[in-house]
Undergrad: 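I have a structure I would like to understand better, so I am pasting it below and will then ask my questions one at a time.
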2 protein chains.
Amino acid sequence: MASLGANEATHLRLQALTRYVGARSGDSRVTDNSASQVVLVVEGAVKLIASASAGRTQVMGFYFKDDFIYVPARETHAYNLCALKDCELVAFPATEFIRLAQSDKTLNNNFLSHLLCALSRCREKSLALGQKTARERVATFLVSMAERIGAPFSNGALLDLPMSRRDIGDNIGLTIETVSRQMTELRNAGLVSTSGRSQVKILDLAALKQEAGHLPGLS
Amino acid sequence: MASLGANEATHLRLQALTRYVGARSGDSRVTDNSASQVVLVVEGAVKLIASASAGRTQVMGFYFKDDFIYVPARETHAYNLCALKDCELVAFPATEFIRLAQSDKTLNNNFLSHLLCALSRCREKSLALGQKTARERVATFLVSMAERIGAPFSNGALLDLPMSRRDIGDNIGLTIETVSRQMTELRNAGLVSTSGRSQVKILDLAALKQEAGHLPGLS
DNA sequence: CGACGTCATTGATTTCGGTCAAACCGAACG
DNA sequence: CGTTCGGTTTGACCGAAATCAATGACGTCG
C-alpha cells in the first residue's frame with residue numbers, strides 16, 4: 001500500500017478497514033456492490049463493467065497495478081469489477097475511506113488526483129463513443145493502452161493486452177467483429193503488427209494518434 | 001458562494017483567487033484553457049464541450065445553478081465552456097483551488113462529492129453512448145434533465161430546456177434529425193408532450209425510465 | 001404586422017457498423 | 001501428435017442512424 005502514500009497512523013487505520021481480495025482470472029463480482037467501494041489494484045488487471053438492462057454490458061475501464069478504482073453502489077445501473085488475470089486487490093468502503101482521507105493530506109491528494117484522472121479518461125471515452133468512427137476508436141484504445149501498459153519500442157510501443165476482443169469491443173462500443181476488422185486494417189496500413197491473440201506492436205505511435213483523432217501538436 | 005460552504009478564512013482566500021466571469025448567451029471560450037479551471041455556476045446554464053479534430057464537438061455535459069465544473073486544460077482534446085443563457089460564473093485555477101481545499105474540510109468535501117457525482121454521470125453517459133439505441137438515449141437525456149431542472153408535475157415533470165436540439169444531439173451522440181424523430185415517437189407514444197422549442201412535459205416518468213433502459217426497481 | 005433568419009421537423013436515400021454464418025487459429029489436453 | 005474447444009478472423013447481408021434535401025414553425029426586428 002506504499003502507493004497510497006499514507007502516513008503511519010493513517011496506514012494503521014486503513015489496515016483496519018481493508019478487505020483483501022484475491023481474485024482468479026475471470027472472477028466476476030469481485031466486490032460487494034451494495035455500497036460504494038474504493039479499490040486499489042496491488043497486482044494484476046481488472047475491468048470495471050456496467051450493466052444496462054437486457055444484459056448489455058459496457059466495460060467502463062481497465063485498471064492495472066497501482067490504479068485506484070471508485071466502484072459506485074448499484075443505482076440506475078449496476079457496476080462490477082471483474083478480474084482479467086489473477087489479481088491482488090484491496091477494497092475499502094468508500095464512505096470510510098473518504099472520512100479517513102480527511103485527516104491525511106497525502107491520501108486525500110492521491111484520491112483527488114485519481115478522481116481527476118478517472119474523470120478525464122471517462123470524458124475522453126465519452127468523446128470517443130459519441131463522435132468517433134470505429135477506426136478512430138480502436139486507434140484511441142491502442143494509444144491509451146500504449147501509454148498505460150506499453151513497453152517503449154522504437155518510435156512505438158509493445159503491448160501485451162490482457163483483455164479479450166470482446167472486452168475491447170464492450171469498452172469502445174463496438175462488436176468483436178468490428179474490432180477485429182479495424183485491427184486488420186491498421187495492420188494493413190502498417191501502423192501495427194500482431195502476433196498471437198494478445199501481442200500488439202505499435203510501429204508508429206504518432207501516426208496512430210493521428211488516426212485516433214487527437215489534436216495535433218503538444219504532448 | 002454560499003454553496004461552497006467554505007469557512008470565513010477560506011472564503012476570503014477564495015475571493016482573492018476568483019475570476020468573476022459574466023457571460024452572455026452563446027458566448028464560447030468563457031474560460032482560459034491553458035490551465036485547468038474549477039468553475040462554479042452562480043446563475044444561468046452552460047455546456048462543457050470537447051473538440052475532437054475535424055471540428056466535431058461533443059457536449060460533455062450541461063451545468064446549472066450551483067453546479068461545479070472541472071474544466072481540464074487542453075491535452076489530446078480541447079475543452080471549453082459555452083453559455084446557454086446569460087450567466088454568472090466564478091472561475092478558479094484548479095491547482096490553487098485544490099491547494100486551498102486542503103485546509104478547509106467543507107470545501108474539500110464539496111469538491112470531492114462533486115467529482116464523484118461528475119464521474120458517475122460521465123460513466124452513465126459512456127454506458128448510454130456505448131450501448132444504448134437512439135430511443136433510449138433520448139429517454140435517458142430527458143430523465144436526467146427532469147431530475148436536475150424539472151418541476152414536479154403529476155407523475156412526471158415540466159421541463160424548460162435551455163439548449164438547442166443540436167446541443168442535445170452533440171451531448172448524446174446523435175444528429176439533430178434523429179433527436180427530433182425520437183422526440184416525435186415519444187410524443188406519439190404518449191410519454192411526453194411538447195410546446196414550442198423548449199417546453200417539454202413528461203407525462204409518465206416511470207415509463208420513460210423504462211424506455212431509458214434503467215434497471216427496474218430501486219430509486 | 002409582416003418578412004426574414006434560425007432552428008426544428010419530416011421525408012428519401014446512403015452508409016457504417018451490426019448480425020449471421022463459416023472458416024481459421026492457438027492453447028490445453030489426452 | 002492429433003483432437004478439441006474457445007476465441008478470432010473473414011465474408012455476406014441487414015438495419016439503425018447519418019446524410020441529404022425540403023418543408024415548416026418560431027421568434028425577432030424592422
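Chain letters run A, B, ... following the sequence lines, proteins first, then strands; residues in each count from 1.
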Undergrad: Can you build the contact string for nucleotides 14-20 of chain D? Use B for base contact, S for sugar-phosphate-only contact, and - for no protein heavy atom under 4.0 Å.
TA: ---SSBB
Undergrad: Would you say that more than 12 heavy atoms from the other residues, nucleotides or ligands in this model lie under 6.0 Å from the CZ of A:Arg166, or not?
TA: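 Not more than 12 within 6.0 Å, no.
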Undergrad: Using the heavy-atom set of chain A and a strict 4.0 Å cut-off, write down the first and last nucleotide of DNA chain C that makes it in, 5' to 3'.
TA: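 Boundary nucleotides touching chain A, in 5' to 3' order, are C:dG17 to C:dG26.
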Undergrad: Should B:Lys47 and B:Asp170 count as an ion pair when the cut-off is N to O under 4.0 Å?
TA: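 Salt bridge between B:Lys47 and B:Asp170, a charged N being under 4.0 Å from a carboxylate O: no.
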Undergrad: I need the minimum non-hydrogen distance between A:Ser126 and B:Ser126, along with the two atoms involved.
TA: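 It is OG-OG, 3.4 Å.
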Undergrad: Figure out the CG/P separation between B:Asp160 and D:dG27, and round it to whole Å.
TA: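 That distance rounds to 11 Å.
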Undergrad: Under the 3.5 angstrom rule, does the side chain of A:Glu88 hit a backbone N or O of A:Gly44 as a donor-acceptor pair?
TA: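 Absent.
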Undergrad: Polar pairs (N or O, both sides) under 3.5 Å between protein and nucleotides 5-7 of chain D?
TA:
{"unit_1": "D:dG6", "atom_1": "N2", "unit_2": "A:Arg197", "atom_2": "NH2", "d": "2.9"}

Undergrad: Rounded to the nearest 0.5 Å, what separates atom CZ in B:Phe64 from atom CD1 in B:Ile149?
TA: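 Result: 4.0 Å between the selected atoms.
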Undergrad: Please state how far atom CD1 in B:Ile176 lies from atom P in D:dA25, giving the value in whole angstrom units.
TA: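 Between P of D:dA25 and CD1 of B:Ile176: 17 Å.
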Undergrad: Any non-hydrogen side-chain atom of B:Met183 less than 4.5 Å from a side-chain atom of B:Arg165?
TA: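 Yes, close enough: below the 4.5 Å cut-off.
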Undergrad: Before giving the answer on side-chain contact (heavy atoms from CB on, under 4.5 Å), spell out for A:Arg148 and A:Arg121 the whole-Å C-alpha distance, their side-chain angles and the decisive distance to 0.1 Å.
TA: CA-CA 12 Å; A:Arg148 296 178 65 192; A:Arg121 275 213 285 261; 3.5 Å; yes
Undergrad: Between atom CE of A:Met145 and atom CZ of A:Phe62, what is the distance when rounded to the nearest 0.5 Å?
TA: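 CZ of A:Phe62 is found 6.0 Å from CE of A:Met145.
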